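Encoded as structure tokens, the structure appears first; notes follow it.
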Amino acid sequence: MLKQTDAQLYNRIRSKDQIALEELYNRYERLVYSFAYRLTQNSQMAEDIIQEVFTKIWNSNALYTEDKGKFTSWLLTITRNTSLDILRKKGKQQEVGLLDKDAEQMKSPIEEMPEHMLEWKEKGTVLRKAINRLKEEQRTIVELFYYHGLSQETISRKLDIPLGTVKSRIRLALQHLRRHLETERGMMPNGSSDV
Amino acid sequence: MDRQMCDQLVDYFNGLLSKAEQNAFEKHLEACEECQLELTEWQLLTDDLPYIAGSVNPPEGMKERVLNSVFDEALKLEEPLNASLPIIEIDRPLKKKSISGWFPVIAAALVLSIGGNIFLASMVKTQQEDLTAQSEAVDQLLAFVNLTSVEGNSTGTASIVKHGDETRVVVQATSLPKLANDEVYQVWLIDEEGPKRAGTFKSDSTKGAVVFTLSEDMDKSWEQVAVSHEPSSDSQTPLGSVLMASKFE
């Protein structure tokens, strides 16, 4: 039997097919858990998050339609939002400086390599290189904004920059990152430059 | 355009606005092309950022805990149960009740087809909860025993439940040995005439469960129940090692 696409599995889940949810779970357990763990640095919280993400999917509290782009991107957005929510509820602040630790990651080989795991590994490698090319200040702002989900006001206070400039600085940092990503990807043996 | 509104894009992106602010921003978003474009741009720019995460091994047993909880939540939310589920006959909507002490939460298990009864993997837990709920409501618990390890350290429980005209055997087990190839776990009901097949199951974890409806000629009083580790689902008498067994009182 041909492997079903994520969207097909998702449609089965919408009609309450438990087997389909289990299949989707198997497909993405590691990615969702690892991302939640990256955001919270806590295995219990990461487990709570994956549980909430799949409960949302099962109960259709989070709706995916193909016009929302790739299923994986949507799933990871839900994971990020859920993680940030849980972190805020627990009043937990993450330590700054994790981006440096990320360089240590991904050294352990991934034995099973479903297609998205390969994509994950490739993107991760390129992303870490691209982030390392950012200026310190830009790296910090990406971390505070994206991985910590802080408000403009908090970022302005933490970095001691005027509130009115936070948004444009984040945007600039993200644009630089994108450019570095493209350069790095161009240097990959099988790099695609479709972005 | 309303600059002040446009400036809320960061906090909107990070889900930091109050419900009212969020509604106001979304209303603004509908009208502000600049914000629409920018929001799309931010989404695209951050699309790859999750992949920074290094691969982390999920904790042992997480899948069972998560899926049990997801389907459990769903049961609470959905009354009556979705009728399209391919589960044992339910002749009226069920209300989920708290599971009584004799039935611990078990992992989803893959159950093989036996005598035309096909039970699907993750349905088992649901079925058992249904069964428990039903038994609390109208059914009669005819017998219940803790299963004692014979070989290895598997443990579990077996119950015989009267549901309407039918009699069902519910077995659940933990610390089961790993299965290879076609191997299965087989439940047997035993009396002076010897063992009779009473449910076959598989599991990809160390936990498993099966619900088996007894045929009319099997609906009688049994002396013992046993679970064995069989080379295939075809064994008509126990060929493999007996993992657990217990006498009915």
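First the proteins, then the strands, lettered A, B, ... as listed; each starts at 1. Values in this document were obtained by computation on a predicted structure and should not be read as measured data.
Counted by atom type alone, A/Gln152 and B/Gln8 present zero donor-acceptor pairs between their side chains at under 3.5 Å. Side-chain contact, B/Asn14 with A/Arg80: a donor N or O sits under 3.5 Å from an acceptor N or O.
Closest non-hydrogen pair, A/Arg38 versus B/Ala53, comes out as CB-CB, 3.8 Å. Shortest non-hydrogen contact noted between B/Leu45 and A/Arg171 is CD1-O, 4.5 Å. Closest non-hydrogen pair, A/Tyr33 versus B/Pro58, comes out as CE2-CA, 3.7 Å. Summarising the geometry of B/Gly54 relative to A/Ser34, their closest heavy-atom pair is O-CB, 3.3 Å, with the distance given to 0.1 Å.
The aromatic rings of B/Trp42 and A/Phe145 lie perpendicular to each other, with more than 60° between the two planes, well past the 30° mark.
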Inset, instruction - List the steps, then state whether side-chain contact (heavy atoms from CB on, under 4.5 Å) holds for A/Tyr25 with B/Met62. - result: CA-CA 11 Å; A/Tyr25 180 91; B/Met62 182 173 89; 3.4 Å; yes

Legend entry - Criterion side-chain contact (heavy atoms from CB on, under 4.5 Å) on B/Asn57 and A/Arg30, from CA distance to verdict: CA-CA 7 Å; B/Asn57 286 330; A/Arg30 185 174 280 266; 2.6 Å; yes

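Here the side chains of B/Leu49 and A/Tyr147 are in contact, with some heavy-atom distance below 4.5 Å. Side-chain atoms of A/Lys167 and B/Cys6, non-hydrogen and from C-beta on, do get closer than 4.5 Å to each other. Using a 4.5 Å cut-off on side-chain heavy atoms (C-beta onward), B/Val66 and A/Glu29 make no contact.
Taking a cutoff of 4.0 Å between a charged side-chain nitrogen and a carboxylate oxygen, B/Asp47 and A/Lys123 do not qualify as a salt bridge.
Within the model, atoms OG of A/Ser151 and CG of B/Leu17 stand 10.0 Å from one another, a figure rounded to the nearest 0.5 Å. The distance from the CZ atom of A/Phe54 to the OG atom of B/Ser69 is 12.5 Å, given to the nearest 0.5 Å. Atom-to-atom distance recorded for B/Tyr51:OH and A/Glu119:CD is 4.0 Å, nearest 0.5 angstrom. Here the straight-line distance linking atom CZ of A/Phe35 with atom OG of B/Ser55 works out to 14.5 Å at 0.5 Å rounding. In this structure, CD1 in A/Ile170 is found 9.5 Å from CG in B/Leu9, a value given to the nearest 0.5 Å. One distance of note links CG of B/Asp48 with CG of A/Leu127; it measures 6.5 Å at 0.5 Å rounding.
Between chain B and the options A/Asn81, A/Thr72, A/Leu181, A/Asn26, the largest number of non-hydrogen pairs under 4.5 Å is found for A/Asn26.
A donor-acceptor contact shorter than 3.5 Å is absent between the side chain of B/Lys63 and the backbone of A/Glu22.
Only the side chain of B/Glu38 comes within contact range of chain A, judged by heavy atoms closer than 4.5 Å.
In this structure, B/Lys27 places its NZ atom where only 12 or fewer heavy-atom neighbours from other residues, nucleotides or ligands lie under 6.0 Å away.
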